[in-house]
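Scroll down for the structure; my scribbles are underneath it.
First the proteins, then the strands, lettered A, B, ... as listed; each starts at 1. The basis for the numbers below is simple: all heavy atoms, side chains too, and nothing from hydrogens, waters or symmetry mates. Here the structure is a predicted model, which is why all the values come from computation and not from measurement.
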Number of protein chains: 2
Amino acid sequence: METLSKPTAVIDLASLRHGCAQCSLRQLCLPAGIGATDLQQLDEIVKRRRPVERGELLFRAGDRLGAVYVARNGAFKTVSTSEEGDTQVVGFHIAGELIGLDALGEGVHRCDAVALTSANVCEVPFEQLTAVAAQVPGLQQQLMRVIGHSMSRDQDHLQMLVRRQANERIALFLVGLCERLRNIGESATQFRLPMSREDIAHFLGLALETVSRGFSRLQDDGVIAVVGRKVEILDAAELQRLAQGGELPCPVKRGATG
Amino acid sequence: METLSKPTAVIDLASLRHGCAQCSLRQLCLPAGIGATDLQQLDEIVKRRRPVERGELLFRAGDRLGAVYVARNGAFKTVSTSEEGDTQVVGFHIAGELIGLDALGEGVHRCDAVALTSANVCEVPFEQLTAVAAQVPGLQQQLMRVIGHSMSRDQDHLQMLVRRQANERIALFLVGLCERLRNIGESATQFRLPMSREDIAHFLGLALETVSRGFSRLQDDGVIAVVGRKVEILDAAELQRLAQGGELPCPVKRGATG
DNA sequence: CGTAACATTGAGTTCTCTCAAAGGGCGTGG
DNA sequence: CCACGCCCTTTGAGAGAACTCAATGTTACG
């Protein structure tokens with residue numbers, strides 16, 4: 001096929017022309033519940049398809065809030081480093097999720113946003129976003145909802161960390177990730193983790209060895225299959241049960257007396 | 001003085017007539033940075049001086065978001081109870097602090113708001129607040145800022161819980177509380193805790209006994225003086241140091257060889 | 001195919017939790 | 001004003017979970 005480059009160009013052109021209205025993520029993103037005419041106002045301020053390389057930073061702690069970002073694909077982490085130097089992963093962000101609301105308070109970012117994979121983002125200048133939101137009640141409402149969801153996610157994160165044991169946190173982490181993958185239409189039973197064990201550890205407030213042991217334990221119990229970052233969920237119901245504090249009474253000897 | 005009741009009545013009347021413009025908390029609250037004319041619009045929707053008794057709930061988890069509240073005095077806690085029944089104190093709220101933003105996501109509260117002492121609150125119907133905010137850019141901005149601060153506080157809370165040992169969390173808790181007391185012009189060196197050891201434990205993700213031991217240890221080390229809920233800060237610098245991970249190398253025998 | 005980063009596994013230690021009981025503060029009622 | 005009782009708080013002892021340090025195994029990428 002000599003014309004291979006032609007269709008590709010057409011697709012690119014199409015996707016460039018396509019705005020929020022055609023985006024597969026629109027139900028999860030700012031446009032949700034906004035009429036066609038209003039949507040155009042939003043469309044005009046969104047800078048689409050900025051490519052980001054693995055390891056690249058969207059912003060760092062201390063930067064002024066210029067824009068918020070929506071991951072179109074790929075994955076990000078937001079990381080906060082305390083004065084004493086220990087790092088806390090504040091959140092992971094996959095397609096359709098907003099990044100940058102941490103600066104809402106003082107107008108200055110409190111954490112770094114790092115690409116875990118190569119990725120593409122939409123960039124939404126924040127000043128313009130609030131300006132448009134003031135004129136479009138639907139957007140105003142959706143913006144509040146998105147902010148609220150972000151707060152809810154933080155709350156869930158907190159609940160996941162406090163007074164839960166390591167295996168419980170890890171199960172919760174996996175359950176949460178699966179649900180989000182399902183939301184964006186990706187496989188929730190077989191996937192590749194975009195983040196390292198260390199990232200997970202810093203997210204869950206555990207030592208990385210503890211995370212590794214947790215994965216191994218889940219594998220030994222037949223709940224998941226793990227090879228490095230490749231994960232397969234074998235028993236979602238059991239995983240769910242473990243996430244809610246359920247425990248295997250004792251380590252069952254697999255293949256022994258039964 | 002026979003006329004004792006008269007001045008009291010005058011004061012009450014005055015404080016009833018006084019709106020946000022005269023409120024001692026206005027710099028911490030929604031009116032911050034809003035002009036006099038715009039302020040009146042906000043003033044008109046705020047229901048002032050609703051008294052609340054100790055133990056009373058402003059709202060419970062599951063309630064629709066009707067209004068947000070600002071504590072005028074007294075103290076509140078917000079508590080989230082998981083399906084498994086264990087409770088997490090999401091936050092403590094003293095004068096000038098907003099309560100109720102937890103419902104921003106789905107429009108339904110995620111936690112109970114309980115008065116820890118008798119208190120007074122301003123009630124701000126949320127629909128009307130956003131409506132006014134859409135017309136008053138200053139208020140819009142301030143609302144965002146307040147929401148952002150709320151998120152920042154949650155972040156700080158998370159940082160306080162993760163990978164920090166018990167004594168560090170307790171020191172951080174005290175440092176944070178002192179700062180907030182200072183903000184509202186109350187003594188930050190001598191005060192009465194509005195919450196029980198159990199509340200603190202549920203806030204810090206510790207067992208209540210561990211909290212009690214932590215207070216005792218701080219007292220033994222001469223950093224604070226504690227009698228029940230009465231606390232006096234004796235060595236603020238040392239408290240600050242402990243909050244940042246500093247440790248007394250070994251338990252010094254006080255009064256011994258020196 | 002080699003290398004460097006990442007992940008797993010093991011052993012010993014420390015911190016916090018749990019269970020249990022005794023010691024005050026505070027409000028109520030006499 | 002004092003005494004009583006309840007609840008909150010403090011303190012002790014033992015157990016368990018996760019951390020740290022250390023070494024080995026594996027994956028992914030050039």
Side-chain angles (χ1 to χ4, degrees), chain A residues 53-55 77 86-89 114 116-118 160-171 173 192-221 224-231 242 245 247-251, chain B residues 53-55 77 86-89 116-118 160-171 173 192-221 224-232 242 245 247-251:
Chain A
E53 286 176 26
R54 174 178 165 170
K77 65 176 174 182
D86 33 39
T87 72
Q88 167 68 29
V89 171
V114 186
L116 293 167
T117 65
S118 60
M160 168 182 315
L161 295 183
V162 174
R163 295 277 257 155
R164 300 201 116 88
Q165 28 196 61
N167 292 340
E168 219 173 319
R169 296 187 205 187
I170 293 166
F173 166 71
R192 186 185 162 78
L193 295 170
M195 70 294 280
S196 69
R197 297 286 188 273
E198 187 173 18
D199 288 333
I200 300 175
H202 285 153
F203 180 70
L204 296 179
L206 297 170
L208 77 87
E209 295 95 328
T210 306
V211 174
S212 187
R213 279 185 247 271
F215 275 83
S216 298
R217 175 67 194 278
L218 285 173
Q219 178 159 238
D220 290 347
D221 294 342
I224 64 176
V226 182
V227 182
R229 296 194 181 182
K230 288 193 286 291
V231 174
L242 292 171
E247 276 304 326
L248 299 173
C250 61
Chain B
E53 286 176 27
R54 175 178 165 168
K77 64 176 174 182
D86 33 37
T87 72
Q88 168 68 28
V89 171
L116 292 167
T117 64
S118 60
M160 166 180 319
L161 295 184
V162 174
R163 296 277 259 155
R164 298 201 118 89
Q165 23 195 69
N167 291 339
E168 220 172 318
R169 297 188 204 186
I170 293 166
F173 166 70
R192 187 187 162 77
L193 295 169
M195 71 293 280
S196 70
R197 296 288 187 272
E198 187 173 18
D199 287 333
I200 299 174
H202 285 153
F203 181 70
L204 295 179
L206 298 169
L208 78 88
E209 295 96 328
T210 306
V211 174
S212 187
R213 278 186 248 270
F215 275 83
S216 298
R217 175 69 194 277
L218 286 173
Q219 178 158 240
D220 290 348
D221 292 342
I224 63 175
V226 182
V227 183
R229 297 196 180 180
K230 286 192 287 289
V231 174
E232 185 176 356
L242 292 171
E247 275 304 327
L248 298 173
C250 61

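Look at CD1 on B:I200: it is 13 Å from P on D:dC8, rounded to the nearest Å. Summarising the geometry, the separation between CG on B:L218 and P on D:dT9 is reported as 16 Å, rounded to the nearest angstrom. The nearest whole Å value for the distance from the CG atom in B:L116 to the P atom in D:dC8 is 13 Å. In this entry the distance linking CD of A:Q165 with P of D:dA15 reads 18 Å, nearest Å. Following rounding to the nearest Å, A:N167 (CG) and D:dG16 (P) show an atom-to-atom distance of 16 Å.
A search for salt bridge (charged side-chain N to carboxylate O under 4.0 Å, His left out) contacts involving B:R163 returns nothing, not counting sequence neighbours. The side-chain contact (heavy atoms from CB on, under 4.5 Å) test applied to B:V162 returns A:Q88, A:L161, B:L158, not counting sequence neighbours. Residues that satisfy the side-chain contact (heavy atoms from CB on, under 4.5 Å) test with A:R54, not counting sequence neighbours, are absent from this structure. Residues satisfying the side-chain contact (heavy atoms from CB on, under 4.5 Å) criterion with A:L208, sequence neighbours excluded, are A:E198, A:A201. Residues satisfying the side-chain contact (heavy atoms from CB on, under 4.5 Å) criterion with B:S212, sequence neighbours excluded, are absent altogether. B:R197 pairs by the salt bridge (charged side-chain N to carboxylate O under 4.0 Å, His left out) definition with nothing, not counting sequence neighbours. Residues that satisfy the side chain to side chain donor-acceptor pair (under 3.5 Å) test with B:E168, not counting sequence neighbours, are B:R164. Remark: A:T87 pairs with A:H202 by the side chain to side chain donor-acceptor pair (under 3.5 Å) rule, at least two apart or across chains.
Residue A:T210 has its side chain nearest to D:dA18 when only D:dT10, D:dA18, D:dC29 are considered.
Within the structure, every side-chain polar atom (N or O) of B:R217 is placed at least 4.0 Å from both OP1 and OP2 of D:dT10.
B:G214 comes within contact range of no nucleotide atom at all, as no heavy-atom separation falls under 4.0 Å. Within the nucleic acid shown, A:S212 comes within 4.0 Å of at least one base atom, counting heavy atoms only. Heavy atoms of A:R169 sit nowhere under 4.0 angstrom from any nucleic acid atom. Here A:L206 lies in heavy-atom contact (under 4.0 Å) with sugar-phosphate atoms only.
Rounding to the nearest 0.5 angstrom, the gap separating the CD1 atom in A:I170 from the CG atom in A:L242 is 10.5 Å. With rounding to the nearest 0.5 angstrom, the OG1 atom of B:T117 is 12.5 Å from the CG atom of B:L193.
In the 5' to 3' direction, nucleotides of DNA chain C lying under 4.0 Å from heavy atoms of chain B begin and end at C:dC15 to C:dC26.
For residues 199-210 of chain A, every residue pair satisfying the salt bridge (Lys or Arg N to Asp or Glu O under 4.0 Å) rule, not counting sequence neighbours, is listed here: A:K77-A:D199.
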Produce a footprint string for nucleotides 21-27 of chain D: one letter per nucleotide, 5' end first; B if the base is under 4.0 Å from any protein heavy atom, S if only the sugar-phosphate is, - if neither. BB----S

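Using five terminal pairs a side, the axes of the helix from C:dC1-D:dG30 to C:dG30-D:dC1 at its two ends make an angle of 50°, given in steps of 10 degrees.
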